[in-house]
Enquirer: 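The structure follows.
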Amino acid sequence: MPFTLATWNINSVRLREGLVQKLLGEETPDILCLQEIKTPIDKFPTEGFAAMGYRHLVARGQKGYNGVAILSKLPITDAGDSDYAALGHARHVAARLENGVVIHNFYVPAGGDIPDREENVKFGQKLDFLTDMRDAFRADRPQRAILVGDLNIAPREDDVWNHKALLKIVSHTPIEVQHLSDAQEAGAWVDVTRKDIPEGRLYSWWSYRAADWDAADKGRRLDHVWATPDIAGAAHGSRILRSARGWDQPSDHVPVFATFDL
DNA sequence: ATGGTCGTTGTACGA
């Protein structure tokens with residue numbers, strides 16, 4: 001049975017409950033993975049989503065920061081979480097579908113502004129988080145798994161508006177790209193979005209600070225859909241909903257979709 | 001070439 005999955009950094013699910021409902025109503029993904037919900041789970045707005053058929057929720061939250069949620073029309077069970085880099089943040093949660101497929105939803109630390117762990121603790125924490133991801137995938141090679149989320153790294157030259165200009169900007173520095181690549185290789189993860197759309201510039205995030213995000217188009221592909229090799233061949237139809245960046249009171253990220261025939 | 005905008009919480013900090 002095919003299912004469509006979307007991942008979206010919502011930047012406060014309570015402020016943007018209406019935008020989530022708009023997405024669910026217009027695009028009807030079977031599963032929606034959210035990051036930066038910025039709320040404890042007891043304050044997650046479940047009722048409206050349930051009324052639209054999204055009755056299943058597996059989530060981790062905290063007050064004000066971070067937080068990840070998997071909202072689903074299909075039955076899912078809680079498959080745990082992790083606390084990579086021992087930050088004590090809600091940055092990962094996993095859910096299992098009835099067919100055994102496990103969905104990992106990640107919010108990798110942004111890493112601050114200075115790309116140097118000596119000068120900026122947050123940058124070191126980001127690298128450590130990615131190293132711990134790598135080690136976890138090495139120790140326990142994932143199978144029949146999907147990994148999505150805001151990984152806060154744009155790995156390819158055509159994942160950013162200007163490769164050369166961003167080489168020293170956090171999210172596109174070589175050391176971050178290498179750490180992400182090491183984590184990806186450790187799990188043999190296939191970049192599903194780039195499997196489906198191998199050529200051309202792709203962005204999923206545009207800064208709030210640009211005067212005209214659409215005209216300037218200084219985007220980055222920070223949000224990803226990966227799958228293990230045993231199910232990556234079942235993935236197709238990847239797309240990025242650029243138009244969501246133009247919605248009223250938007251998130252600075254837009255949803256990324258993929259469909260799996262499993 | 002620098003500063004630009006959001007969200008949450010509280011008038012600072014993270015992104």
Side-chain angles (χ1 to χ4, degrees), chain A residues 7-23 33-45 59-69 83-92 105-117 119-130 148-155 159-162 164-173 175-177 179-180 203-224 242-256:
Chain A
T7 178
W8 193 13
N9 178 319
I10 193 61
N11 188 16
S12 175
V13 71
R14 291 161 73 190
L15 186 69
R16 286 187 243 284
E17 179 182 359
L19 289 194
V20 174
Q21 290 180 357
K22 178 178 168 70
L23 181 82
C33 296
L34 297 168
Q35 303 86 36
E36 281 207 272
I37 61 172
K38 293 188 170 177
T39 178
I41 302 311
D42 60 2
K43 292 186 176 166
F44 188 99
R60 298 292 186 274
Q62 61 183 93
K63 186 178 176 180
Y65 302 96
N66 310 314
V68 284
D83 181 25
Y84 297 145
L87 301 173
H89 298 171
R91 294 184 178 274
H92 171 237
N105 182 13
F106 276 99
Y107 175 48
V108 171
D113 289 332
I114 303 168
D116 178 344
R117 68 157 70 229
E119 293 182 52
N120 169 18
V121 167
K122 292 182 187 304
F123 192 72
Q125 290 173 343
K126 181 178 196 175
L127 299 181
D128 292 346
F129 191 100
L130 292 160
V148 306
D150 177 4
L151 305 185
N152 264 315
I153 296 172
D159 290 337
V160 294
W161 66 278
N162 185 328
K164 204 174 171 186
L166 288 172
L167 278 171
K168 291 181 178 175
I169 302 298
V170 172
S171 74
H172 193 61
T173 64
I175 191 168
E176 289 170 88
V177 172
H179 275 67
L180 185 68
Y203 312 140
S204 65
W205 174 90
W206 294 261
S207 172
Y208 284 127
R209 297 176 190 177
D212 184 341
W213 72 273
D214 196 20
D217 201 21
K218 294 181 175 180
R220 307 176 199 170
R221 187 172 70 105
L222 303 180
D223 302 276
H224 298 267
R242 180 186 173 105
S243 60
R245 185 62 178 77
W247 292 354
D248 285 342
Q249 268 207 303
S251 170
D252 45 355
H253 296 252
V254 299
V256 181

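The chains referred to below are lettered A, B, ... by the order of the sequence lines, with proteins before strands, and numbering in each begins at 1.
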Enquirer: Considering only side-chain heavy atoms of A:K38, which listed nucleotide, B:dT8, B:dA15, B:dT9, is closest?
Expert: B:dT8
Enquirer: Rounded to whole Å, how long is the line connecting atom CG of A:N120 with atom P of B:dA15?
Expert: 10 Å
Enquirer: Taking the inter-plane angle between the rings of A:H92 and A:Y84 on a 0 to 90° scale, is it parallel (under 30°), tilted (30 to 60°) or perpendicular (over 60°)?
Expert: parallel
Enquirer: Is the backbone of A:R220 close enough, under 3.5 Å, to the side chain of A:H172 for a donor and an acceptor to pair up by distance?
Expert: no
Enquirer: Out of B:dT9, B:dT5, B:dT8, which has the shortest distance to the side chain of A:S12?
Expert: B:dT8
Enquirer: Here's a test of your reading of the structure: between A:G112 and A:P40, which maps to the more 5' nucleotide of DNA chain B?
Expert: A:P40
Enquirer: What's the CG-C1' distance between A:N9 and B:dT8, to the nearest Å?
Expert: 14 Å
Enquirer: State, yes or no, whether a side-chain contact exists between A:P255 and A:T7 at a heavy-atom distance under 4.5 Å.
Expert: no
Enquirer: Just how far, in rounded Å, is P of B:dG14 from CG of A:D252?
Expert: 17 Å
Enquirer: So which atom in A:N120 and which in A:G111 form the shortest heavy-atom distance, rounded to 0.1 Å?
Expert: ND2-O, 2.9 Å
Enquirer: In the structure I gave you, are the side-chain heavy atoms of A:P109 and A:L87 within less than 4.5 Å of one another anywhere?
Expert: yes
Enquirer: Could you give the distance separating B:dG3 and B:dA15 at their C1' atoms, to the nearest angstrom?
Expert: 16 Å
Enquirer: Please give the distance between the P atoms of B:dC6 and B:dT2 as a whole number of Å.
Expert: 23 Å
Enquirer: Rounding to an integer number of Å, can you tell me how far A:H89 NE2 sits from B:dG14 P?
Expert: 9 Å
Enquirer: Counting only side-chain N and O atoms of A:R16, is one of them less than 4.0 Å from OP1 or OP2 of B:dG7?
Expert: yes
Enquirer: Looking at the side chain of A:L15, which of B:dT8, B:dT9, B:dA15 is the nearest nucleotide?
Expert: B:dT8
Enquirer: Separation of A:Q62 atom CD from B:dT8 atom P, in whole Å?
Expert: 14 Å
Enquirer: In whole angstroms, how far is the P atom of B:dA15 from the CZ atom of A:R209?
Expert: 12 Å
Enquirer: Which whole-number value in Å describes the distance from A:F123 CZ to B:dA15 P?
Expert: 14 Å
Enquirer: Nearest nucleotide by nearest heavy atom, which residue falls closer to the 5' end of DNA chain B, A:G64 or A:Y107?
Expert: A:G64
Enquirer: Whole angstroms only, please: what is the CG-C1' distance between A:L222 and B:dA15?
Expert: 11 Å
